[in-house]
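Worksheet for the structure shown next.
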Amino acid sequence: MPTTLTLKNIPDEVYERLKASAKTHRRSLNSEAIVCLESMLFPKHVSVGDRLARARALRAALPGSRFQARDIDAYKQEGRQ
């Protein structure tokens, strides 16, 4: 069951950053504080293997590309000359 928590003596800088972050994410101060606490207390660590597997799956799902790595490198070099 959700619990109410009252915070006192929050440093002005912390409050301002939380307020700015809430505005950026279009959340209330309360919601932003909960998201921040959850992200610090329950970090979602993804192993390197899982991250690579996800990247490979995403790449495999893309339609065939017209460009090869060498083509992309050539285009990048072309703009530098």
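Everything quoted here is computed from the prediction, not taken from an experiment.
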| said: Whether the side chain of S31 engages the backbone of R27 through a donor-acceptor N/O pair (distance < 3.5 Å, no angle test) should be reported. | reply: no

| request: Find the distance between CZ (R26) and CD (E32) and round it off to the nearest 0.5 Å. | output: 13.5 Å

| request: Determine whether L5 and Y15 fall in the same hydrophobic cluster, where Ile, Leu, Val, Met, Phe, Trp and Tyr are linked whenever their side-chain heavy atoms lie under 4.5 Å apart. | output: yes

| said: If I take atom CZ from residue R59 and atom CG from residue L52, how far apart are they, to the nearest 0.5 angstrom? | reply: 10.0 Å

| said: I need the minimum non-hydrogen distance between S28 and A22, along with the two atoms involved. | reply: O-CB, 3.8 Å

| Should the pair K76-D73 be classified as a salt bridge under the 4.0 Å nitrogen-to-oxygen rule? | yes

| message | Is there a path of hydrophobic side-chain contacts, each under 4.5 Å between heavy atoms of I/L/V/M/F/W/Y residues, joining L7 to V14? | response | yes

| query | How close do L18 and C36 get, heavy atom to heavy atom, and via which atoms? | reply | CD1-SG, 4.2 Å

| Measuring from R51:CZ to R56:CZ, what's the distance to the nearest 0.5 Å? | 13.5 Å

